[in-house]
Each structure stands twice: as C-alpha cells, then as structure tokens.
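Notes to accompany the following structure.
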Amino acid sequence: MARKTARPADVTALRPDKPRRTRVEIEFDDTSILGTLFGEFDANLVQIENRLGVYISARGNRVQIEGPEDSVARAREVLKGLSERLAQGHDLDAGMINSLIAMSDEPSLDAIVPGDTDAGPPIMIRTRKKTIVPRSAAQIEYMRALTRSDMIFALGPAGTGKTYLAVAQAVSQLITGSVQRLILSRPAVEAGERLGFLPGDMKEKVDPYLRPIYDALYDCMPPEQVERRIASGEIEIAPIAFMRGRTLADAFVILDEAQNTTPAQMKMFLTRFGQNSRMVVCGDPKQVDIPGGDSHSGLADAVNRLEGVEGIGVIRFGAGDVVRHPIVGRIVEAYEGRDG
C-alpha cells in the first residue's frame with residue numbers, strides 16, 4: 001500500500017505564521033532637522049532599528065523602513081513624532097526616543113503629535129526653562145487631568161513623572177498668574193532607615209526630605225527666580241504637619257510621597273482645599289514606609305473613598321510608563337512580578 005504524503009498546503013498549515021513584511025518611505029520637507037533627527041552616526045535610527053526589529057536606510061531627505069508590517073508602521077510613527085518635536089523646537093534624547101517607541105503601540109500616540117489638527121491642540125507644559133511634552137501614554141492622560149480636574153491622585157512607581165509633571169504644571173500656572181502661589185509638601189518619613197536627629201533650624205531639618213521637589217523646581221525655573229519666589233512666599237515648601245489649620249486658596253498644591261501619610265493626615269491635608277485651587281497628590285502605593293504598611297496608608301484610604309467623586313481624577317502609572325533609563329522599568333517589573 002502506497003504511503004500517503006502530506007500536501008504542500010498541509011505542511012504550510014503546520015508552520016507558524018510569519019509576520020508580513022513591508023517597506024515604506026517617508027519624505028521630510030525640512031532638511032535642516034535631519035542631522036538631529038538621525039543622530040550622530042545615525043545613532044537614533046539604530047536605536048529605533050534595534051528596538052523594533054526593522055531596517056532603516058536614509059538617502060537625502062528620504063527614509064526607507066523595511067521589516068514586519070506592524071513594526072514598520074510603529075517606526076514610521078516614531079520618526080514622524082520625532083520630526084514634529086524638532087519642528088516645535090524640542091530637544092531629542094535617548095529617553096524621548098524610547099518613550100515614543102513605547103507609545104507607538106498605543107492608539108493615543110497620535111494625540112501627542114504637535115501639529116496634528118485632527119488630534120486637537122498639542123499637549124505640553126511651558127515653563128521658564130523648557131517646554132515639556134508627554135513621554136508615555138499615562139502621561140498624556142495625566143497632563144490632561146492637570147488642566148481639567150480640581151484634585152488629582154497620581155499613583156505609580158518611581159520614574160513615571162508624577163511629581164515632576166505636577167511641579168511643571170504648577171510653575172506654568174504661577175508664571176501665567178492663574179494661581180498666586182505654589183505649596184509643595186511631603187511627609188517627613190524616613191525610608192526604611194533611622195537618620196537620628198538632624199542638626200540646624202527647622203528648614204535645615206526638613207529640607208533633605210523635600211530635595212526632590214527642589215530639584216523639579218530648579219529644572220523648570222532659573223535658580224534665582226526659585227529663591228526669590230520662596231523668599232516672597234509665592235513658593236512654599238514644607239512638611240505636611242505645617243498644613244494643619246490652614247485654607248489653601250488661589251494655590252497649586254502638591255503632596256508628594258503621599259503613601260507615607262496616615263488616613264488622619266490625608267484627611268487633614270485634603271480638607272485644606274480652597275477656592276481657585278488645584279491639588280495633586282502623588283505616591284507609590286507599593287512603597288509605604290510608615291509603620292503598619294499599606295493597610296495604614298492615607299493614600300490608599302483616600303483613593304478608595306474618593307475615586308469616582310466629581311472633580312477628582314485618579315491616574316495610575318505602571319512599569320511601562322517609567323521614563324528614566326529603560327532598565328528602571330525592567331527593575332520595577334521584576335519587583336512587581338515577585339511581589340504580585
């Protein structure tokens with residue numbers, strides 16, 4: 001009896017489907033940006049190639065992208081986004097490129113391309129020193145909330161831009177006069193180690209806890225303006241205990257490291273909210289340093305009580321939204337996977 005052989009169609013059906021390959025070409029009208037767009041020795045193109053698994057060749061003002069169809073489409077969107085940022089006068093760096101690559105798989109990518117009339121006005125924050133654009137899908141949602149909601153809870157790991165973007169928005173509103181002062185606060189809680197009694201006056205004692213807020217301010221405003229506004233009272237940086245008994249009106253108020261507040265402290269802080277104010281509460285629910293852990297955190301308690309209340313927004317960031325070095329995102333994912 002003759003042995004039955006498989007038909008070619010049957011053999012093909014047993015093979016995993018190969019991604020469809022394609023090639024597209026982009027033509028750039030403004031040749032003056034190409035050197036910066038491509039990077040020194042085409043470093044930016046190589047970065048996109050390595051991350052997306054495509055091949056990019058440039059000749060004059062034309063760029064050809066070849067590879068799997070989905071990856072080619074993502075690479076094209078990344079290059080278009082980078083060129084639009086250059087046309088707007090923004091700087092490019094490896095972090096910006098990585099962020100656009102990460103966002104290229106999100107439907108909301110088009111919403112952040114400046115000049116895209118279908119997406120509405122570009123999302124950005126202008127400060128004295130720089131113009132800031134979103135670098136992750138969650139940052140898009142967050143930056144919108146910073147202009148729309150009266151009170152925002154920003155939850156997620158370090159490196160996602162929660163505090164930095166809040167400070168940048170606060171500086172922008174102070175510059176334009178839509179608020180009269182900035183109030184920036186943190187709980188003075190030691191992160192897993194005992195520091196003992198710190199020397200100096202009250203300011204010198206609490207300043208180490210508030211250093212990240214100072215860093216964000218100095219990145220958005222010239223140092224002399226920061227110091228002048230602190231001296232005049234337009235910018236106030238203080239631990240949360242100093243907020244008791246006050247009404248914070250005509251102010252942009254930020255509470256950082258909010259996971260280290262108790263429910264009583266959080267209630268006290270939130271009820272300081274006054275007329276013509278905006279309040280942003282930032283924290284990582286998985287990094288609680290107070291005794292009792294997350295079950296005693298005022299941040300978790302407040303979000304459980306207030307999510308869904310009119311005028312209050314809750315934005316959640318994940319490891320994929322980390323905009324520091326890519327390895328930070330991988331570290332966060334590794335810890336969250338083990339803890340989960």
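Taking CE of Met268 as the start and CD1 of Ile240 as the end, the distance is 4.5 Å to the nearest 0.5 Å. For the atom pair CE of Met221 and OG1 of Thr127, the computed distance is 8.5 Å after rounding to the nearest 0.5 Å. Atoms CD1 and CZ, on Ile235 and Arg181 in that order, are 12.5 Å from each other to the nearest 0.5 Å. The CD1 atom of Ile56 lies 10.5 Å from the CD atom of Gln47; values are rounded to the nearest 0.5 Å. Taking CD1 of Ile290 as the reference point, atom CD of Gln265 lies at 7.5 Å (rounded to 0.5 Å). Of the inter-residue distances, the one linking Arg135 atom CZ with Met143 atom CE reads 11.0 Å to the nearest 0.5 angstrom.
Among all heavy-atom pairs drawn from Ala166 and Val280, the shortest one is CB-CG1, 3.9 Å. Nearest approach of Ala319 to Pro157, heavy atoms of both residues: N-CG, 4.3 Å. Closest approach of Ala158 to Asp284, counting heavy atoms only: N-OD2, 4.2 Å. Residue Val288 comes nearest to Gln259 through the heavy atom pair CG1-O, 3.7 Å, listed as atom of the first residue, atom of the second, then distance. The two residues Ala75 and Val54 make their nearest non-hydrogen contact at CB-CG2, 4.1 Å. Taking all atoms of both residues into account, the shortest heavy-atom contact from Ala145 to Ile315 is CB-CD1, 4.2 Å.
Counting heavy atoms of neighbouring residues, nucleotides and ligands inside a 6.0 Å radius, atom CZ of Arg305 does not exceed 12 of them. Surrounding CD of Glu40 are at most 12 heavy atoms belonging to other residues, nucleotides or ligands under 6.0 Å away. In the displayed structure, Glu27 atom CD is contacted under 6.0 Å by more than 12 heavy atoms of other residues, nucleotides or ligands.
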**OP:** Before giving the answer on side-chain contact (heavy atoms from CB on, under 4.5 Å), spell out for Leu86 and Leu82 the whole-Å C-alpha distance, their side-chain angles and the decisive distance to 0.1 Å.
**Re:** CA-CA 6 Å; Leu86 287 173; Leu82 292 174; 5.6 Å; no

Original post:
Run the side-chain hydrogen bond (donor to acceptor under 3.5 Å, both in side chains) check on Thr163 and Asp256 step by step: do they pass?
Top reply: CA-CA 7 Å; Thr163 303; Asp256 194 26; 2.6 Å; yes

Original post:
Does the pair Glu227 and Tyr218 meet the rule for a side-chain hydrogen bond (donor to acceptor under 3.5 Å, both in side chains), with working shown?
Top reply: CA-CA 10 Å; Glu227 299 302 330; Tyr218 289 134; 2.2 Å; yes

**OP:** Check step by step if side-chain contact (heavy atoms from CB on, under 4.5 Å) holds for Phe153 and Leu299.
**Re:** CA-CA 9 Å; Phe153 288 89; Leu299 177 61; 3.9 Å; yes

**OP:** Take Leu270 and Met151, measure what side-chain contact (heavy atoms from CB on, under 4.5 Å) needs, and give me the verdict at the end.
**Re:** CA-CA 9 Å; Leu270 297 179; Met151 184 178 293; 3.9 Å; yes

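A continuous path of ILVMFWY side-chain contacts below 4.5 Å connects Phe242 to Met266, so both sit in one hydrophobic cluster. Taking hydrophobic clusters as Ile, Leu, Val, Met, Phe, Trp and Tyr residues chained together by side-chain heavy-atom distances below 4.5 Å, Val309 shares a cluster with Val303.
Leu165 is listed as a side-chain neighbour of Ile132, based on a closest heavy-atom distance under 4.5 Å. Looking at Met243 and Ile183, their side chains come closer than 4.5 Å, going by heavy atoms from C-beta outward. Contact check for Phe317 versus Val322: no side-chain heavy atoms found under the 4.5 Å cut-off. In this structure, Phe28 and Leu37 have side chains that are in contact, with non-hydrogen atoms separated by less than 4.5 Å. Looking only at side-chain heavy atoms (C-beta outward), Ser57 and Val63 stay at 4.5 Å or farther from each other. The closest side-chain heavy-atom distance from Pro187 to Leu255 is below 4.5 Å. The shortest side-chain heavy-atom distance between Asn44 and Leu79 does not fall under the 4.5 Å cut-off. Between Asp150 and Ile312 there is no side-chain heavy-atom pair separated by less than 4.5 Å.
Arg316 and Glu307 are joined by a salt bridge, as a carboxylate oxygen and a charged side-chain nitrogen come within less than 4.0 angstrom of each other. A salt bridge is defined here as a Lys NZ or Arg NE, NH1 or NH2 lying under 4.0 Å from an Asp or Glu carboxylate O, and Arg144 with Glu141 fails to meet this definition. Arg74 has no carboxylate O lying under 4.0 Å from a charged side-chain N of Asp70, or vice versa, which leaves the two without a salt bridge.
One side chain, Tyr164 or Asp219, offers a donor N or O that lies under 3.5 Å from an acceptor on the other. Donor-acceptor pairing under 3.5 Å is recorded for the side chains of Gln173 and Arg278.
Screening residues 232-248 for salt bridge (Lys or Arg N to Asp or Glu O under 4.0 Å) gives Arg229-Glu234, Glu236-Arg246 as the qualifying pairs, with residues at least two apart or on separate chains.
Partner of Ile65 under the side-chain contact (heavy atoms from CB on, under 4.5 Å) criterion, chosen from Arg23, Arg76, Glu49, Glu25: Arg76.
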